[in-house]
2 protein chains.
Amino acid sequence: MDFDDKVPIYYQIKNHLYHQIVTGTLVPGAKLPSVRQLAVDVTANVNTVQRALSEMTDEKMIIPQRGKGNFVTDDVLSIKKLKDKLINEQLSLSYQELHDLNLTDDQILDEFEKYIKNRSEIHE
Amino acid sequence: MDFDDKVPIYYQIKNHLYHQIVTGTLVPGAKLPSVRQLAVDVTANVNTVQRALSEMTDEKMIIPQRGKGNFVTDDVLSIKKLKDKLINEQLSLSYQELHDLNLTDDQILDEFEKYIKNRSEIHE
DNA sequence: TATAGTGTACTAGTAAACTAATACACTAGA
DNA sequence: TCTAGTGTATTAGTTTACTAGTACACTATA
């Protein structure tokens, strides 16, 4: 896995898994790869993976079952809420940042539009 | 200063100062507060501040003068470039994140529009 | 029942970021 | 010339994230 050395690895793993849950790569009730397998997958230590999973367990997004594995929550609503939260955090974050760079609301929207338009041209 | 404990403090200080340069709070050629004063301002250690300033010096955005202080570069063009870089990094980052959450380009723009509209209503 | 695959806990060691304190070189001004 | 305010360097110690290795409890299955 490609890590940003400015952010703790366990945090990036957690985020990575949350993305898989939210996008349906990991469906509700699905079994996660074992901690040892995950450690191999993301090229990190078992303990680091475990730390990510612990927080996810605390947040009730996965349920651990001793001897069996970790399972994605069945609660579809809470997954929806997680997705909304992730989206909103991102919007808020980037609005904040661009606003702090002295862009007006209109400029922010413009820049975003330009960026996406430009991007789709390059990638088509 | 309010730090995000997920990101190194020196990095946040650097970012903070870059914002001031880009937005004109610190004009080209202006003298920065002394390292000791900055340390007080942002409630961090002198060495941590120094580390931020070192990187900024390496990137030629400030010029240190022994015995006098640190001064913002006079090169207006490079300040402009810095601003563009900061904006672009943010756009790219949040596009990436929202795209990874399975939002289409249109949805990303929509969400952004909604967010900003909503925000301005609350704050007017 | 034995074994392999799970989660979990613990101890130990390393590296990086941060703090703290001190010292030194340079500049400007009284 | 002295002094206060600069940047800069160095040494030492703390904390946190991370790695490594081991051990143990539990589950499913051959």
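Computed from heavy atoms alone, side chains included, the values below leave out hydrogens, waters and symmetry copies. Residue numbering restarts at 1 for every chain, and letters A, B, ... go by the order of the sequence lines.
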Can you measure [X] atom [atom1] to [N] atom [atom2] for me and round it to whole angstrom units?
X      : N       : atom1 : atom2 : result
Q50(A) : dA17(D) : CD    : P     : 16 Å
N45(B) : dA16(C) : CG    : C1'   : 15 Å
Q37(B) : dA4(D)  : CD    : C1'   : 15 Å
I62(B) : dT8(D)  : CD1   : C1'   : 13 Å
D58(B) : dT8(D)  : CG    : C1'   : 14 Å
L38(B) : dG5(D)  : CG    : P     : 16 Å
K6(B)  : dA16(C) : NZ    : C1'   : 17 Å
Y10(B) : dT19(C) : OH    : C1'   : 16 Å

Inset, instruction - Test for a donor-acceptor pair under 3.5 Å between the base of dG7(C) and the side chain of R36(A), counting only N and O atoms. - result: yes
Inset, instruction - Let me know, please, whether G67(A) or V46(A) comes out on the 5' side of the other along DNA chain D by nearest nucleotide. - result: V46(A)
Inset, instruction - Respond yes when some side-chain nitrogen or oxygen of T48(B) is under 4.0 Å from OP1 or OP2 of dT19(C), and no when none is. - result: yes
Legend entry - Position toward the 5' end of DNA chain C (nearest nucleotide), N47(A) or N70(A): N70(A)
Inset, instruction - Could you pick out which residue, L32(A) or D5(A), lies toward the 5' side of DNA chain C when each is mapped onto its nearest nucleotide? - result: L32(A)
Quick one: side chains of residues 74-82 of chain A, donor-acceptor pairs under 3.5 Å with protein atoms, not counting sequence neighbours, listed by atom name and distance.
| unit_1 | atom_1 | unit_2 | atom_2 | d |
| --- | --- | --- | --- | --- |
| D75(A) | OD1 | L77(A) | N | 3.1 |
| D75(A) | OD1 | S78(A) | N | 3.4 |
| S78(A) | OG | D75(A) | O | 2.9 |
| K80(A) | NZ | D84(A) | OD1 | 3.0 |
| K80(A) | NZ | D84(A) | OD2 | 3.2 |

Inset, instruction - Would you confirm whether H19(A), through its side chain, and N15(A), through its main-chain N or O, come within 3.5 Å as a donor-acceptor pair? - result: yes
Inset, instruction - Using modelled atom types only, decide if a donor and an acceptor are shared between the side chain of Q90(A) and the backbone of L98(B) within a distance under 3.5 Å. - result: no
Legend entry - Check: D105(A)/Y95(A) side-chain N/O donor and acceptor closer than 3.5 Å: yes
Of the nucleotides [options], which has the atom closest to the [X] side chain?
X      : options                  : answer
S34(B) : dT19(C), dT19(D), dT6(D) : dT6(D)
R66(A) : dT8(C), dT19(D), dT8(D)  : dT8(C)
K68(B) : dT27(C), dA28(D), dT8(D) : dT27(C)
K31(B) : dT6(D), dT8(C), dA17(C)  : dT6(D)

Inset, instruction - Looking only at non-hydrogen atoms, find the nearest pair between F71(A) and G29(A) and report the distance. - result: CD2-O, 3.7 Å
